[in-house]
Amino acid sequence: MTYETIHIEQRGPVDWLTLNRPDALNSINNQMVADLSDYFGRLPHAAATRIVVMRGAGRAFCAGLDIKAQGGTGQAPFAGGFGFQGWLADVYVKMRRCPQPIISLIHGAACGGGFAFTLASDIRIAAESARMNAAFIKLGLSSCDMGTSYFLPRLVGASLAAELMMTGRFIAAPRALATGLVSQVVPDAELEAAGEALVAELLATSPIGLRMTKEGLNFAIDAPSLEAAIALENRNQLMCAASDDFKEGLAAFLEKRAPNYGA
């Protein structure tokens with residue numbers, strides 16, 4: 001698909017999604033919401049796409065909502081009765097529901113809704129220039145927005161989440177790494193290479209195993225009990241064990257070779 005505000009580069013089974021409004025620091029406007037909603041909505045049916053890498057063009061990952069672009073003459077979407085609020089929020093839900101792991105490569109500013117894009121991803125790698133914040137509260141809003149109140153405390157704990165959300169303070173790459181918000185910090189010039197290295201490791205796993213691991217992790221975070229989490233693990237493991245991926249993975253292990261999982 002061709003989009004106006006995002007660029008999708010297909011590198012084999014990996015989609016490299018670039019937020020592509022560099023002159024506006026990739027801030028979120030109506031067209032970007034429409035583009036991202038369509039793209040992430042298609043992923044559950046995109047069998048050939050195994051991984052998504054998300055990044056920003058130009059000087060920043062995403063500066064958040066494009067305030068200047070709001071209040072136009074276009075009719076707001078219904079979006080469950082919540083208008084633009086619900087329309088954008090649904091993008092983050094679609095990011096979590098899609099079976100493909102999402103890697104965010106963060107450089108420069110990732111603010112507000114842009115910060116939430118990184119939080120909704122599965123793995124975050126930061127460049128040394130990365131600066132992230134829950135900018136909502138700086139505008140007279142609540143920082144409980146776009147899934148931030150759900151994702152952030154699960155990643156860094158309640159105390160740090162409260163500090164960042166109640167103040168709107170920026171968290172820079174070193175502290176983000178120290179608190180587990182990101183898994184790696186690299187020089188800006190090495191950000192894409194770091195993403196490629198991680199992608200190579202993920203592609204070495206079985207397609208079904210990778211999908212089931214994302215699903216299992218998402219469920220376990222909110223599982224009501226150990227028994228509930230294990231029940232889903234048992235279900236997913238039996239599905240994996242019955243797949244051709246498992247047959248190939250086991251054969252490759254026994255034959256001391258790299259597996260060939262195909263699609």
### Query
Taking it one step at a time, do Glu128 and Val185 satisfy side chain to side chain contact (heavy atoms under 4.5 Å, CB included)?
CA-CA 6 Å; Glu128 291 174 345; Val185 173; 4.0 Å; yes
### Message
So that I can tick it off, tell me whether Asp122 and Arg96 are bridged by a salt bridge, with the cut-off set at under 4.0 angstrom between side-chain N and carboxylate O.
### Response
yes
### Query
Any Lys/Arg nitrogen of Glu4 or Arg21 sitting under 4.0 Å from an Asp/Glu carboxylate oxygen of the other?
no
In the single-linkage hydrophobic clustering (I, L, V, M, F, W, Y; side-chain heavy atoms under 4.5 Å), do [X] and [Y] co-cluster?
X	Y	result
Leu202	Met54	no
Ile171	Ile125	no
Ile230	Met239	no
Leu139	Leu152	yes
Ile103	Met132	no

Keeping [X] on the side-chain end and [Y] on the backbone end, is there a donor-acceptor pair under 3.5 Å?
X	Y	result
Ser143	Phe136	no
Arg211	Pro99	no
Asp66	Ser27	no
His107	Ala60	yes
Glu248	Tyr261	no
Ser206	Gly209	yes
Lys94	Ser37	yes
Asp15	Thr49	no
Ser183	Arg124	yes
Ser121	Phe117	yes

[X] side, atom [atom1]; [Y] side, atom [atom2] - distance, nearest 0.5 Å:
X	Y	atom1	atom2	result
Asn20	Tyr3	CG	OH	14.0 Å
Phe115	Asp145	CZ	CG	12.5 Å
Cys144	Met165	SG	CE	4.0 Å
Arg169	Lys138	CZ	NZ	9.0 Å
Phe84	Ile28	CZ	CD1	7.0 Å
Leu198	Ile123	CG	CD1	4.5 Å

Closest contact, heavy atoms only, [X] versus [Y]:
X	Y	answer
Lys214	Gln100	NZ-O, 2.8 Å
Ala130	Ile106	CB-O, 3.7 Å
Ala204	Pro259	O-CG, 4.1 Å
Pro13	Leu203	CG-CD2, 3.8 Å
Cys111	Ala109	SG-CB, 3.8 Å
Phe61	Leu105	CD1-O, 3.4 Å

Heavy atoms, side chains only, cut-off 4.5 Å: are [X] and [Y] in contact?
X	Y	answer
Val53	Arg11	no
Asp90	Phe82	no
Leu164	Thr148	no
Glu163	Val156	no
Arg235	Met212	yes
Tyr92	Leu119	no

### Task
Count the heavy atoms belonging to other residues, nucleotides or ligands that lie under 6.0 Å from CD of Gln31, then report whether that count exceeds 12.
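Yes, enclosed.
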### Message
Is it the case that atom CZ in Arg59 sees more than 12 heavy atoms from other parts of the structure closer than 6.0 Å?
### Response
no
#### Entry: Among Asp38, Thr18, Leu36, Asn26, the one residue meeting side chain to side chain contact (heavy atoms under 4.5 Å, CB included) with Ile6
Leu36
